[in-house]
Amino acid sequence: GRGRPEGGVRPGNILWSELAKPYGHVHDNGRQHPPYDEVSLKTALIKGVDPAGNPLDPVMPRYRISDRDFKALAAYMKILEFQRDPGVGAFALEL
C-alpha cells in the first residue's frame with residue numbers, strides 16, 4: 001500500500017487508514033480533499049479525480065474495473081496494512 005518510487009514519481013500512501021482519515025488531506029503541492037470512501041476511491045481509479053474533484057497526477061493510471069472486482073479490491077485495501085507475510089512479524093522474522 002505504500003509503493004516505491006519509480007521513474008522519478010513518489011507514490012502516495014494508499015493504506016486505507018491513510019486514505020480515509022476523517023479530516024482529509026492536504027498534499028505537498030497544496031491540493032486538498034476530504035477523506036476517501038469506497039465511492040470516491042472507485043471514481044479516482046476510473047476517472048482520475050480525488051474526492052474534491054481535483055485531477056490526480058497524470059502518472060496515476062486509470063482503470064476499467066467491474067463492480068465485483070472493485071468490491072474485492074476495496075475489501076483487500078481495508079485489511080492490507082494489518083496482514084503480515086507468513087513468517088514475518090512486526091519487527092522480526094518468525095520461525
- Query: What class does the angle between the rings of His25 and His27 fall in, given that below 30° is parallel, 30 to 60° is tilted and above 60° is perpendicular?
  - Reply: parallel

- Query: According to the salt bridge (Lys or Arg N to Asp or Glu O under 4.0 Å) rule, which pairs have a member within residues 29-46, sequence neighbours left out?
  - Reply: Arg31-Asp50, Glu38-Lys78, Lys42-Asp67

- Message: To the closest 0.5 Å, what do you measure between OH (Tyr63) and CG (Leu73)?
- Response: 9.5 Å

- For Leu19 against Ile14, the heavy-atom pair lying closest together: CD1-O, 3.6 Å

- Residues pairing under salt bridge (Lys or Arg N to Asp or Glu O under 4.0 Å) where one sits in residues 19-29, two or more places apart or in two chains, turn out to be Glu18-Lys21

- Report yes if some heavy atom in the side chain of Met60 is under 4.5 Å from a heavy atom in the side chain of Leu45; otherwise report no. yes

- Item | Between OH on residue Tyr76 and CG on residue Asp69, distance to nearest 0.5 Å | 15.0 Å

- Query: Looking at Ser40 and Pro35, what are the two nearest heavy atoms and their distance?
  - Reply: OG-O, 4.2 Å

- Query: Would Trp16 end up clustered with Leu56 when hydrophobic side chains under 4.5 Å apart are linked, directly or stepwise?
  - Reply: yes

- Message: Quick check: is Leu41 connected to Ile46 through a chain of hydrophobic side chains (ILVMFWY, heavy atoms under 4.5 Å apart)?
- Response: yes

- Over all heavy atoms of both residues, which pair between Asn54 and His33 is shortest? Give the atoms and the distance, please. ND2-CB, 4.5 Å

